[in-house]
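Here's the structure we're looking at; comments come further down.
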Amino acid sequence: MPLDKVRTRFAPSPTGYLHVGGARTALFNYLFARRHQGTFVLRIEDTDKVRNTSEANDAIIEGMSWLGIKWQEGPGVDGPYGPYFQSQRTEIYTHKLSLLEKSDRVYEDQGAIRFRVPQSEISFVDRICGPQSINLSQQGSRAWDSEEGKEVETNPDFIIRRPDGSFLFHFVNVVDDIEMKISHVLRGEDHLSNTARHIALFEALGATPPSFAHIPLILNNDGSKMSKRDAGAGLQWYEDEGFLPEAVSNYLALLGWSPKDDREILSADEITNLFDFNHLNRSNARFDLEKCRWLNGQYIAALPTEQFLHLAIPFAAGAPESAIALTQPRIQTFTEINQWLAPILDDEFPMERASLSKVLEKQKDASTLLSLTEHLGQAPNWNEEQIKLAINQTAEKFGVKPGKLMLPLRVTATGTAQGTDLMPTLEIIGKETTVARMRRRIATLFPTD
RNA sequence: GACCCGUUCGUCUAGCGGUUAGGACUCCGCCCUUUCACGGCGGCAACACGGGUUCGAGUCCCGUACGGGUCGCCA
């Protein structure tokens, strides 16, 4: 049953790149709005002139676009409540501030303007964390000085405007949520402690607060807080590494949300249809890059060949399409293509130690392999059928099973025991090159023969 | 330090008073494959701890421990 006029928003500040936690928050807001035929708004909270960068702004917009998160209102998409950059909304904030001045909810302190917090208990029910109750005038009157390692007295009335006239997060965030008619606020749990302040502002401004839902955070694999340095913390990394946005989006959704059954590979539409608060978790999740890669591999394998090639070619400089196609069932990310391609394309690909010893376990001397090379060299046509024939003839001659020859053939022709499907691989390498490579590697393997 | 949130296999999770505690990633074994990969089958592996409540507790309550968050003229 659709809720009435659901409006959600993602409100990042352009101070760094878009990290996975933010991307997930955006995704959840987007999914929730779609689930209820609502509107998803992107609002850029660029009130901190010192820290904002246009690169960070671009990273947010590009990152969300790449992930497939579409906003119905926001940068580049006009709506009834714009502009959607807070730096362009000063008049609105000034007007709202005058309202608070009239009702004596604010006062000046050393050029800054402080909001008078209520003396009473502020209660609200978080859709994920449950009932909350806090008295700002008491709780906010003490702060922790981490350098001194002790508590210090502080003014619970928080500042909403700097002496230079610029406004601060709590105030602009609430004003915009009111003005943009936001109905549900889904954000990181790091904001749970801010919510009482926000509710106080909503009420001071005569507005009904929206529903709040604070989602648990994403941690590193070792449980530490995910920071900018960590690989995979920024969304751009996934695009660079050759992840598919659908897979990343799917993985992100699974962090803190679940369909409550055993499904894991779900389309955006499937997730949308199931997305609701009671499917959201309460505990922090650690980011598991291995599983994200696995999921990406699943998505890559499911791609139609045409589309796979289209996406893969930029990652495989100059390689023939036939060779690229062989990698599809093997890669988890597109950047892995080259390590599968190298044994096919590189005549000098060095034999791996492990592969080498596997051959020597099966072959006492060079005779069988030389004979195989001979048979291959005599093949009238270079195709799968003829290659198999050459293998079978050699096997018969030496009284061994054809299967026994596969690994030595693979290693001498490509240099590695783990590679792409052998017959098509040999076809791509070509007869002359295959034979030449085998001769050279056999000589290396059995130097005395 | 105060306040808040959390705690099921190593990781992501299902579970919502009675289950042989299920699935997935990783790892290992087997099968399939005349090779490799995919895939299939199987295995290892969890209810943080202590008290209650109850005929019965992973599930409810309290405490402890641990993890996370907040305490800015950042957002």
Side-chain angles (χ1 to χ4, degrees), chain A residues 11-16 45-48 50-52 86 109-114 126 128-130 132-135 138-146 149-152 154 156 158-164 166-170 172-173 187-196 214 216-217 219 221-225 251 254-265 278 281-295 297-298 301 326-331 340 388 391-392 395 401-411 414 416-423 425:
Chain A
S13 66
T15 54
E45 305 220 330
D46 54 349
T47 54
D48 188 348
V50 181
R51 299 179 195 206
N52 295 159
Q86 290 187 327
D109 178 20
Q110 298 181 331
I113 293 179
R114 286 185 186 271
D126 188 273
I128 294 170
C129 302
Q132 310 289 318
S133 190
I134 187 172
N135 188 320
Q138 288 170 12
Q139 191 46 231
S141 66
R142 250 165 304 184
W144 180 247
D145 186 329
S146 54
K150 63 177 185 187
E151 285 193 335
V152 293
T154 187
F158 54 94
I159 294 174
I160 63 175
R161 199 184 76 173
R162 298 183 181 91
D164 71 0
S166 61
F167 292 91
L168 258 17
F169 165 69
H170 296 303
V172 295
N173 189 266
R187 62 197 349 178
E189 200 189 87
D190 48 339
H191 284 296
L192 183 60
S193 304
N194 289 328
T195 306
H214 289 88
L217 273 17
L219 271 31
N221 202 253
D222 64 359
S224 63
K225 192 180 173 184
Y251 180 73
L254 255 21
L255 248 30
W257 175 88
S258 115
K260 301 293 181 193
D261 56 31
D262 290 340
R263 281 178 297 169
E264 293 200 303
I265 299 176
N278 56 7
N281 260 134
R282 294 145 288 280
S283 52
N284 293 346
R286 301 180 186 204
F287 196 95
D288 186 358
L289 197 51
E290 276 306 311
K291 186 154 184 176
C292 187
R293 296 172 65 86
W294 169 79
L295 196 58
Q298 298 289 311
L326 293 180
T327 67
Q328 184 173 5
R330 285 163 173 75
I331 60 170
W340 292 94
K388 282 184 176 176
I391 294 169
N392 289 338
K401 286 183 180 172
K404 288 276 184 191
L405 299 178
M406 296 300 277
L407 182 84
L409 170 58
R410 176 183 282 285
V411 173
T414 68
T416 178
Q418 291 195 327
T420 45
D421 200 16
L422 190 55
M423 298 308 157
T425 298

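Within every chain, numbering begins at 1; the chains are lettered A, B, ... in the order of the sequence lines, protein sequences first and strands thereafter.
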| How long is the line joining CG of A:Asp145 and P of B:U70, in whole Å? | 17 Å

| said: I'd like to know if the side chain of A:Asn173 reaches the main chain of A:Phe169, judged simply by a donor and an acceptor atom lying under 3.5 Å from each other, with no hydrogens or angles considered. | reply: no

| query | Between A:Gln138 (CD) and B:U70 (P), how many Å, whole number? | reply | 22 Å

| request: Find the distance A:Lys388:NZ to B:U34:P and express it as a whole number of Å. | output: 6 Å

| task | Looking at every strand, decide which applies to A:Arg142 at a 4.0 Å heavy-atom threshold: base, sugar-phosphate, or nothing. | result | sugar-phosphate

| Is there side-chain contact between A:Leu192 and A:Arg187, with at least one heavy-atom pair below 4.5 Å? | no

| query | Taking the side chain of A:Lys291 as heavy atoms from C-beta outward, which of B:C73, B:G23, B:U34 is closest to it? | reply | B:G23

| query | With a 4.0 Å cut-off on heavy atoms, is A:His191 in touch with a base, just the backbone sugar-phosphate, or nothing at all? | reply | base

| For A:Lys401, which contact category applies under a 4.0 Å heavy-atom criterion: base, sugar-phosphate, or nothing? | nothing

| said: Any base atoms under 4.0 Å from A:Thr416, or only sugar-phosphate, or nothing? Heavy atoms, all strands. | reply: nothing

| task | Please tell me which of A:His170 and A:Gly140 maps to the more 5' nucleotide of RNA chain B, matching each residue to the nucleotide holding its nearest heavy atom. | result | A:Gly140

| message | Can you tell me if A:Arg142 has over 12 outside heavy atoms packed within less than 6.0 Å of its CZ? | response | no

| message | Any non-hydrogen side-chain atom of A:His214 less than 4.5 Å from a side-chain atom of A:Ile128? | response | no

| query | A:Ile159 side chain: which of B:G6, B:C73, B:G23 is closest? | reply | B:C73

| note | Closest of B:U13, B:C73, B:C3 to the A:Asn281 side chain is B:U13

| Has A:Trp144 got its ring stacked on B:A2, by the test of a centre gap below 5.5 Å and a plane angle below 30°? | no

| said: Applying a 4.0 Å non-hydrogen cut-off, can you work out what A:Glu290 is touching in the nucleic acid: base, sugar-phosphate, or nothing? | reply: sugar-phosphate

| Expressed as a whole number of Å, how far does the C1' atom of B:U54 sit from that of B:C62? | 16 Å

| message | On the nucleotide B:C74, are OP1 or OP2 found under 4.0 Å from the side-chain N or O atoms that A:Arg162 carries? | response | yes

| remark: Re B:U64: Watson-Crick or G-U wobble partner, both distances kept under 3.5 Å, found to be B:A48

| Length of the CG-P vector between A:Leu295 and B:U13, whole Å | 14 Å

| said: So if I take every side-chain heavy atom of A:Gln139 and compare against B:G72, B:A2, B:C74, which nucleotide ends up nearest? | reply: B:A2

| What is the nucleic acid contact for A:Ala395, judged by heavy atoms within less than 4.0 Å: base, sugar-phosphate only, or nothing? | nothing

| How close or far is atom C1' of B:C5 from atom CZ of A:Arg282, stated in whole angstroms? | 12 Å

| message | When you measure only distances, ignoring hydrogens and angles, does the side chain of A:Asp262 come within 3.5 Å of the base of B:U13 through a donor and an acceptor? | response | no

| field | Watson-Crick or G-U wobble mate for B:G58, both contacts under 3.5 Å | value | none

| field | Proximal nucleotide (of B:C74, B:G6, B:C5) relative to the A:Gln132 side chain | value | B:C5

| said: For a quick check of understanding: with a heavy-atom distance under 4.0 Å over all strands, which category does A:Gly149 fall into, base, sugar-phosphate or nothing? | reply: nothing

| request: Please tell me which of the listed nucleotides, B:C12, B:G72, B:G6, lies nearest to the side chain of A:Thr154? | output: B:G72

| request: May I ask you to verify whether the side chain of A:Lys260 and the base of B:A14 hold a donor-acceptor pair under 3.5 Å? | output: no

| message | Looking only at the side chain of A:Ser258 (C-beta and beyond, no hydrogens), which of the listed nucleotides B:U11, B:A14, B:C74 gets closest? | response | B:A14

| query | From B:G23, B:U34, B:U11, pick the nucleotide closest to the side chain of A:Glu264? | reply | B:G23

| said: Heavy atoms only, 4.0 Å cut-off, all strands: where does A:Leu254 land among base, sugar-phosphate and nothing? | reply: sugar-phosphate

| note | In Watson-Crick or G-U wobble terms, with both distances under 3.5 Å, the base opposite B:C30 is B:G40

| Distance-only donor-acceptor check, side chains A:Asp164 and A:Ser166, under 3.5 Å | yes

| Which nucleotide in the set B:U34, B:C74, B:U7 lies at the smallest distance from any side-chain heavy atom of A:Asn392? | B:U34

| Pair A:Asp261 + A:Arg263, salt bridge at N-O below 4.0 Å | yes

| Would you call A:Arg282 and A:Glu189 a salt bridge, using N to O less than 4.0 angstrom? | no

| A:Asn194 has a side chain; which of B:A75, B:U7, B:A24 sits nearest to it? | B:A75

| request: Check every strand shown and say whether A:Ala285 touches a base, only sugar-phosphate, or nothing at a heavy-atom separation below 4.0 Å. | output: sugar-phosphate

| said: For a quick check of understanding: with a heavy-atom distance under 4.0 Å over all strands, which category does A:Gln86 fall into, base, sugar-phosphate or nothing? | reply: nothing

| query | Touch check for A:Asp421, heavy atoms < 4.0 angstrom, all strands: base, sugar-phosphate only, or nothing? | reply | base

| task | Return the nucleotide paired to B:U11: Watson-Crick means purine N1 to pyrimidine N3 with N6-O4 or O6-N4, wobble means G-U with N1-O2 and O6-N3, both under 3.5 Å. | result | B:A24

| Is a side-chain donor or acceptor of A:Tyr251 paired with a backbone partner of A:Phe287 at a separation under 3.5 angstrom? | no

| task | Take atom P in B:U13 and the same atom in B:U7, then report the distance between them in whole Å. | result | 11 Å

| message | Taking A:Asp109 first and then A:Arg114, would you say they form a salt bridge - that is, a charged N and a carboxylate O separated by under 4.0 Å? | response | yes

| said: Mind checking if A:Leu217 touches a base, just sugar-phosphate, or nothing, with heavy atoms under 4.0 Å? | reply: sugar-phosphate

| How is A:Glu45 classified with respect to the nucleic acid when contacts are heavy atoms under 4.0 Å: base, sugar-phosphate, or nothing? | sugar-phosphate

| query | Roughly how many Å is it from CZ in A:Arg410 to P in B:U34, rounded to a whole number? | reply | 13 Å

| said: Please classify the nucleic acid contact of A:Asp261 as base, sugar-phosphate, or nothing, using heavy-atom distances under 4.0 Å. | reply: nothing

| 5′-ward residue of the pair A:Glu189/A:Thr420 relative to RNA chain B | A:Glu189

| field | B:G69 phosphate, OP1 or OP2, under 4.0 Å from A:Ser193 side-chain N/O | value | no

